Amino acid sequence: MTAPWTYIKDLPSREGSDVTVRGWLYNMRSSGKIHFLQLRDGTGTVQGVMVKKEVSEDDFSAAKSLWLEASVEVTGTVRKDERAPSGVELSVASVSVIQNPADEYPIGKKDHGIDFLLDHRHLWLRSSRQQAIMRIRERVIWSAREFLHNDGYLLVDSPIISGAAGEGVSGLFEIDYFDSKAYLAQTGQLYAEAAAAAFGKVYCFGPTFRAEKSKTRRHLTEFWMLEPEVAFFDHKANMDLQERLVCHIVSSVLEHCGSELAALERDVSKLENIKAPFYHLQYGEAIKMLKELGSDTPYGEDLGNDDETILTQQFDRPVFIECYPKSVKAFYMKEHPENPDLVLCDDLLAPEGYGEIIGGSQREDSYDRLVARIREQGLPEEPYDWYLDLRRYGTFVHSGFGMGIERVVAWIAGLQHIREAIPWPRTIYRLKP
Ligand code: 4AD
Ligand code: MG
């Protein structure tokens, strides 16, 4: 039988037709007279039912000797099956083996340790759990870009190789750049600010790098950041945009990724609850609340990972922590008009212990104050001369933020650790695969 190549996701609409599925064997049961072949092709899974007396003897015995993850081309008829999740199964007429592995697939049904799984990330991605996570990741990115595009934001890409530090000098990856040194971008923000002066509402989106030696469940050395930057938005309008964006992302994932969330056993009631308005705490209030919760972080210091965990366990929706001390934040944040020790910034923390998913601020728009901040922080001035030009030629109130894609995916998908939220995690000790 020859039949048209059909993706598994399209099988429910092809009931009664003959089709060919190309994919991999992800499971098999056999009763002697029937093989049940579980097939996947990246778009879905389907059970192929192979009855001994309905197929050639060669095909039947070839199928019996298949290892998991054998690549195959299976031809058969799509039949209704109420018990199947998709409502159909495949009544197999023939199996053509593209490759039967020489030995057993390394990731079997055993429980493997995390290091083993990460060493086999290239194979681990085939598991149903990883497939669900990657689909949610795609939906997070897609829905964020859809939201921004529909709201009139222009994507203006920023460079990855740069001559200046974005977030401060610690945690920079330095590279040889011909006869000089360059850095991998920690943020695209400074370029997004220049783009905002050109186009008004912009964002950049790309990989960013931090040579942080943090071994937490929230830190990667390479992660993807979406950074809107908006002309004439102040601190408040900035937070409002963050709230709308996060609500849109969550509702889009709920709408389109129901089966993925179910595969991950995510409690979707927690996500359904993510609606505006989010909570707001001033930095000082957060420190006070943390003290009551048993933290010893003093006023004046940045919140630690554990602080964010215990704080966000108290909330059922994201919470903005506003106006941190100047001393713990980056040089470009605008001074608080009523308290020069604080800046007009916000961190948006996701509930259920997830912590920071967004960091944002109103930007310092005064040339003199910005120069003073650069000097105060002991940063070299020359690499920032172009950035200072933005405060020389038509300076403007503006604000923006960076949303870490993997942090958002980890929260929405309910992951224990950020390393599963990116296809190829990069951490201090992991560069392979
Ligand atoms: O708070 P951050 O450092 O802010 C900035 O880089 C600003 N320049 C962004 C802007 O205003 N345009 O980082 C922003 C977000 C964090 O909230 C977090 O979600 C994510 O980026 N992030 C990380 N994600 C994974 N691993 C890391 N090491 C991360 N560091 C920051
Ligand atoms: Mg931050």
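In what follows, every heavy atom counts, from backbone to side chain, and hydrogens, waters and symmetry copies are set aside. Just so we're clear, the structure is a prediction, and the values are computed from it rather than from any experiment. Whatever order the structure lists ligands and atoms in, that order sets their numbers, starting from 1.
Side-chain contact between Phe205 and Arg145 is present, with heavy atoms from C-beta onward closer than 4.5 Å.
Here the shortest heavy-atom distance to atom 30 (N) of ligand 1, taken over Trp224, Tyr191, Phe209, Phe223, belongs to Phe223. Taking all heavy atoms of Arg210, Arg218, Glu212, Gln189 into account, the minimum distance to atom 3 (O) of ligand 1 is reached by Arg210.
The Ile358 neighbourhood of ligand 1 comprises atoms 17 (O), with distances under 4.0 Å to a heavy atom of that residue.
Taking the charged nitrogens against the carboxylate oxygens, Glu222 and Arg210 have no contact shorter than 4.0 Å, which rules out a salt bridge. With salt bridges taken as basic N to acidic carboxylate O contacts below 4.0 Å, none links Glu255 and Arg139.
A cation-pi arrangement, defined by a distance under 6.0 Å to the six-membered ring centre and an angle within 45 degrees of its axis, is present between Arg317 and Tyr279.
Two rings, from Tyr387 and Tyr191, have their centers 6.0 Å or more apart. Annotation: Phe209 is not in aromatic contact with Phe223 [ring centroid separation under 6.0 Å not met].
Heavy-atom separations between Asp347 and ligand 1 are all 4.0 Å or longer. Residue Glu406 places no heavy atom under 4.0 Å from ligand 1.
With a 4.0 Å cut-off on non-hydrogen atoms, Tyr332 touches ligand 1 through its side chain and not its backbone. Contacts of Met333 with ligand 1, taken as heavy-atom pairs under 4.0 Å, are absent altogether.
Residue Asp347: no N/O/S atom is found under 2.8 Å from the Mg ion (ligand 2).
Among Arg137, Arg217, Arg419, Arg218, the one residue that satisfies the salt bridge (charged side-chain N to carboxylate O under 4.0 Å, His left out) test with Glu406 is Arg137.
Looking at Glu356, its N, O or S atom nearest to the Mg ion (ligand 2) turns out to be OE2.
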